[in-house]
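Presented below is the structure to which this report refers.
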Amino acid sequence: MCIVEMENLENKKGAEEKRPTTAKDVSSRGPSCMEALTTQSKAQDDYKNGRQLKSLLEDVDLEPYYTKKLSLDQVREIIKKTITAGCKCKADVPWHVLDKLMIFNATARNTDDDGSKDLIISFPLEVPKCDDKSASTDLDFEDLFDSSNTDDMLNPLDIITALFLCSDGFVQQEMARKMSMCQFSVPLLLPNCDTNQCTLMLWAMRDIVKKYRPQSLSESKGFIEDRIVLSELPMISFVRLGECSLSKSEILNKLLSNSPQYHDTFVHRNMECGNSPRRISNGLIEITWYLPGGNTNIDIFSQPVAVANLRGDIASFEAQYSFLCQTSAAVFVFFDHLDAECSLLTNQNHKAQIFLVGNCDRKSNEDALKKVATELGLTNNNIIIKTKQKNDADFIKIVRKKVRKVIRRSDMKVTIEQMADVAHGLGILVDEDSPECQIAKTNAEAITAEIQDILKYKDAQLPCQDQIWKELTRLKLEEFQLQNVQSQLQLQKKELQKKQNSYDMSTAMTCFINAISSPGTERFYFLKWMRMNLDNLSRIKLSELQEKYQEKCKNSENKEEIKEIDRQISNSSLGIEHFFREMGQIYEASLSLPQTDPARQQLQHLPKLCAELLLDGFPLELVDGDASNIPLRWVSDVLSQLSDLVSPNRKIRVVTVLGVQGTGKSTLLNTMFGVQFAVSSGRCTRGAFMSLIKINEDIKNVLNCDFMLIIDTEGLKSPELAQLDNSYEHDNELATLVVGLSDITIVNVAMENSTEMKDILQIVVHAFLRMKEVGKKPKCVFVHQNVSDVSAHEKNSRDRKLLLEQLNEMTQAAAKMEKKEENKSFTDVMEYSPDTGNWYIPGLWNGNPPMAPVSIGYSEAVYELKKHIIQLLRNCESSANDILEYKEWVKSLWTAVKHENFIFSFKNSLVADSYTKLFTEINKWKWEFKRETRISNFGRGEIKSETSDLNEFPRSFKSEASTDQKNKKHKANNIFISVSRFLRTLLPHRVSHACKSLSQKKSVKMLFHH
Ligand SMILES: Nc1nc2c(ncn2[C@@H]2O[C@H](COP(=O)(O)OP(=O)(O)OP(=O)(O)O)[C@@H](O)[C@H]2O)c(=O)[nH]1
Ligand SMILES: [Mg+2]
């Protein structure tokens, strides 16, 4: 009874949009008559003055952002509320919604959160007084029948609309992308009830990329991955004429969900706060997509389809209705009562098929329906009447059937990009029309339109990286390792830099640098356009290769093929990081020119440009994953400039992530901190990237720092792959570097590859012990992804104990080798607590993609982890570095890592240990062997110096062997057999790995094969 009343009330409101509710309505639900009248007269005043929006924004404290829009760095900023969360008052609601949306929380639209769920542990605030009436011990009928005051609640749609109206294009994009990942509908046309204008949210939706499998590809197991605004899809729209007692949105949700997995795609009146009056969101058109997964038993529609939903009565929003009629394949018009004289339906210049959906009895509507249907030329096929006998399930079945038919038959497919023309024709604004966005678009297209063959393009337009940079990297490495030939290396390096300087700056780089030098938001638009255009270019090729790569990786026999695919992936990758990398190279090369050289002076401003971007939260490359090198001078100059840009002595804390390839590291960081590292199957992370987050004043003194630097790293290779090339070195170096650079390392462990992580950690620990420069103790947190069992923590306590024991064992082995035996356990080197240092995170998706939303479990667990990490930072004993100190730290650590040419080439410490032992043994044999040969050669004057080093040994062995082939060959064989025997006795369970690994080491190869 109560619900029906609510529904009617809501419908009435819908019919009377833009008109304030009647005094009677308000007074019957309001807390007191006087208050209600005040609210009522205020609402009337607001309406008269066109201030509906302003008044709502004032209520939720968003007013300042209406003119100066909310930006991404403000959204990302770590503020006290980040950790204390929960809504204490109305003004908190939008922030709460936004914060939850940023971490993909599917409960984000529940605006009635009283915060009681969030226990305030970390940063106690005043606990709100409890006035819970349910706790009352009285029998009070007034209370029982007093439905809560929905006027006082905020409708989720109003909050979403307000947030979109108060955000800049980049926050809008993030919101839309995250909403679509939560399978929420997103705004297609955003109304502004004060100006009576609405805007097509093309830009806001640009970053939504969807992956699906239409029926045609289900056999081949292929898939389509596309930017949704560029996908040509049929759109089915749902609108309401006058009042309608059916909840259109709820029907739509049911239409799009398989019954056991019902999902609230659209906000509807039976949702929490969904029945609060809508103050600013009438006239909003939302859109969502139904995308098939290629399984006929699950898919509701076998082809992709867009579904649009107009909020409010079409009689009040004619422009929106016309827009839908011209862009949709079909429009379903819901009504309770049809007016025979209603010209609205018949006046339209339809491209869409119209379906009339009446929730009514026969008598009241028959004549009108006949008239309208005849005028529209409709048959029974296009009329659905939901009689009392039809329940929701029957009704939905019918609608689905109609939709299927439309999808099958209609050739009316429009991309959202093409809808911009329709919008312009109807006087509807398009968000991309702003000059900054348009200029940036032109600039980006000027660059990306030239790209045909990616490899050739890179050679021609970005010539300073790749071969030259790789060669320079090699020389630098040699320089570190072979101090005695430095001058010659210097010469070679100079030559290469000269070569870099000899290139005129390419057209692409000139355009790129000019565009990122542009003022205001134009540069961000440009970077986003570039990123999207480049993604579009490489997506098809890369996702194909990535699929192939993953397929081949399942079978480690295909080493050569894997290697080849890996090379192809590298060649076909062209991201914005390549342009920045080139910038870094041009800059570093220019430093070899005389100070007064105009070419050098012209480039002096580049580090500052990048520092500005970093400050705005843009991710920048720290380690070039292709060359395995840091452009040290470039990075340190960017950091120096960053230090100049902020007030002096700003402190930073660093959080990094480490883990095996494709285990959701970037997704985790992006969810946790709202940063934008490259994710998705197509674009994996190479090297390491850093992104800066500001810490708000209100929590700075608690955390003792001003910025948080987040570093995302390339996934470590699985052991099979690591044996290709020298990836142990690469992975170990990278791991040591990032752990060394961080205050907290998140070690991402997928259950299935915990061994690899253990190996890597041993090397990191070992490297730390070897490198006296490290001298600090980073904290580490293990994150176990894809674990949803509630008892995971309990169940895995044995595993955790075992892990620690193994890590301790390895630390001891490493400490012994390094003669630093005071280090007895893992926790002597890294700060780790087996109890609080392990986090179990459920899988990302709740159900089967593409229609699965992000699981609430994932989002909540990530949020808890975020709070824990911030808490850990707070408890850091050592004081944070300022930016300049950090810069020096990066430099010295990288130099140390590059100096360290011993430990990184091993799979783990035990292999390193066995190698060392082997070395000692071989040394013994060497002398034995030499003694023998000396005896046999005695008198022939061929005795070698006894101090010759081990590398001399094979050579002498070789020459000895050639003098007395038969005899010596036999001895060589004996040595080899002894070595193998020795290895076998040393580590029975590791022998095969060790042998394999050793036989790949250059020096051992020399030993055996020279
Ligand atoms: N099923 C499932 N997929 C996930 C999960 N986490 C991430 N993904 C998906 O896995 C893919 C790879 O995720 P990324 O975050 O790029 O993984 P990464 O570890 O950073 O990958 P690399 O940088 O290449 O090492 C993306 O398509 C994610 O959407 C998860 O928990 N479950
Ligand atoms: Mg990644």
Side-chain angles (χ1 to χ4, degrees), residues 103-104 177-178 180-183 207-212 223 225 293 535 538-539 542-543 545-547 549-550 553 565-566 569-570 573 575 577 619 621-623 625-626 655-691 710-718 721-722 727 730-731 734-735 738 745-753 756-757 760 783-789 792 839-862 865:
I103 50 167
F104 296 111
R177 196 174 64 81
K178 300 210 167 180
S180 94
M181 278 184 76
C182 290
Q183 298 294 344
D207 219 11
I208 303 178
V209 175
K210 296 275 186 184
K211 204 166 159 177
Y212 57 90
F223 64 90
E225 192 174 6
D535 268 2
S538 50
R539 182 178 308 112
L542 276 182
S543 21
L545 286 170
Q546 209 78 34
E547 287 271 306
Y549 182 81
Q550 271 153 19
C553 284
I565 301 173
D566 196 45
I569 291 181
S570 171
S573 303
E577 67 273 16
E621 191 174 69
L622 174 66
V623 182
D626 290 321
V655 177
T656 60
V657 71
L658 205 63
V660 173
Q661 267 181 350
T663 46
K665 299 178 296 299
S666 309
T667 310
L668 181 72
L669 290 181
N670 290 351
T671 311
M672 196 152 42
F673 297 108
V675 283
Q676 293 182 328
F677 293 120
V679 198
S680 99
S681 50
R683 297 204 43 77
C684 53
T685 315
R686 286 252 169 167
F689 288 81
M690 52 184 176
S691 203
I710 314 288
I711 301 181
D712 183 25
T713 58
E714 173 178 331
L716 308 167
K717 295 210 174 51
S718 57
L721 299 181
S727 32
H730 177 69
D731 282 1
L734 195 67
V738 294
T745 302
I746 301 170
V747 184
N748 196 35
V749 196
M751 280 303 184
E752 59 279 10
N753 49 34
E756 287 91 301
M757 276 324 300
I760 296 275
V783 170
H784 308 260
Q785 290 217 42
N786 283 318
V787 191
S788 45
D789 193 345
W839 290 76
Y840 298 88
I841 297 186
L844 179 64
W845 303 114
N846 178 23
N848 301 324
M851 289 312 289
V854 173
S855 84
I856 300 177
Y858 179 85
S859 167
E860 288 289 345
V862 170
L865 176 63

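Each ligand, and each atom within it, is numbered from 1 in the order the structure gives. In this text the structure is predicted, and so the values were computed from the model without any measurement.
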Ile841 and Asn786, any side-chain heavy atoms less than 4.5 Å apart: no

Nearest-0.5 Å distance, CG of residue Leu658 to OG1 of residue Thr745: 7.0 Å

Partner residues of Ile856 under the side-chain contact (heavy atoms from CB on, under 4.5 Å) criterion, sequence neighbours left out: Asn105, Ala106, Thr107, Glu860

Under 3.5 Å: donor-acceptor pair, side chain of Thr656, backbone of Ile711: no

Ligand 1 atoms in contact with Gln785 (distance to a heavy atom under 4.0 Å): 31 (O)

Numbered atoms and elements of ligand 1 in range of Leu844, under 4.0 angstrom, heavy atoms: 4 (C), 5 (C), 6 (N), 7 (C), 8 (N), 29 (O), 30 (C), 31 (O), 32 (N)

Polar proximity ligand 1 side, Tyr858 side, N/O cut 3.5 Å exclusive: no

Asp626/Arg686 ion pair, N-O < 4.0 Å: yes

Close side-chain approach of Met690 to Ile710, heavy-atom, < 4.5 Å: no

Side chain, backbone, both or neither: the part of Asn786 lying under 4.0 Å from ligand 1 by heavy atom: side chain

Atoms of ligand 1, numbered as shown, that sit under 4.0 Å from any heavy atom of Gln661: 25 (O)

Nitrogen or oxygen atoms of Glu714 and ligand 1 under 3.5 Å apart: no

Distance filter under 4.0 Å to Gly715 heavy atoms, resulting ligand 1 atoms: 25 (O)

Closest to atom 21 (O) of ligand 1 (judged by heavy-atom distance), picking from Ser855, Gly662, Gly664: Gly662

Test item: Ser855 side-chain N/O and Tyr858 main-chain N/O as donor-acceptor pair under 3.5 Å: yes

Interfacing atoms of ligand 1 (cut-off 4.0 Å, heavy-atom, Lys665): 15 (O), 17 (O), 18 (P), 19 (O), 20 (O), 21 (O), 22 (P), 25 (O)

N, O or S of Ser666 under 2.8 Å from the Mg ion (ligand 2): yes

side-chain contact (heavy atoms from CB on, under 4.5 Å) partner of Leu669, the single match among Val862, Asp712, Asn748: Asp712

Close N or O approach (Ala678, ligand 1; < 3.5 Å): no

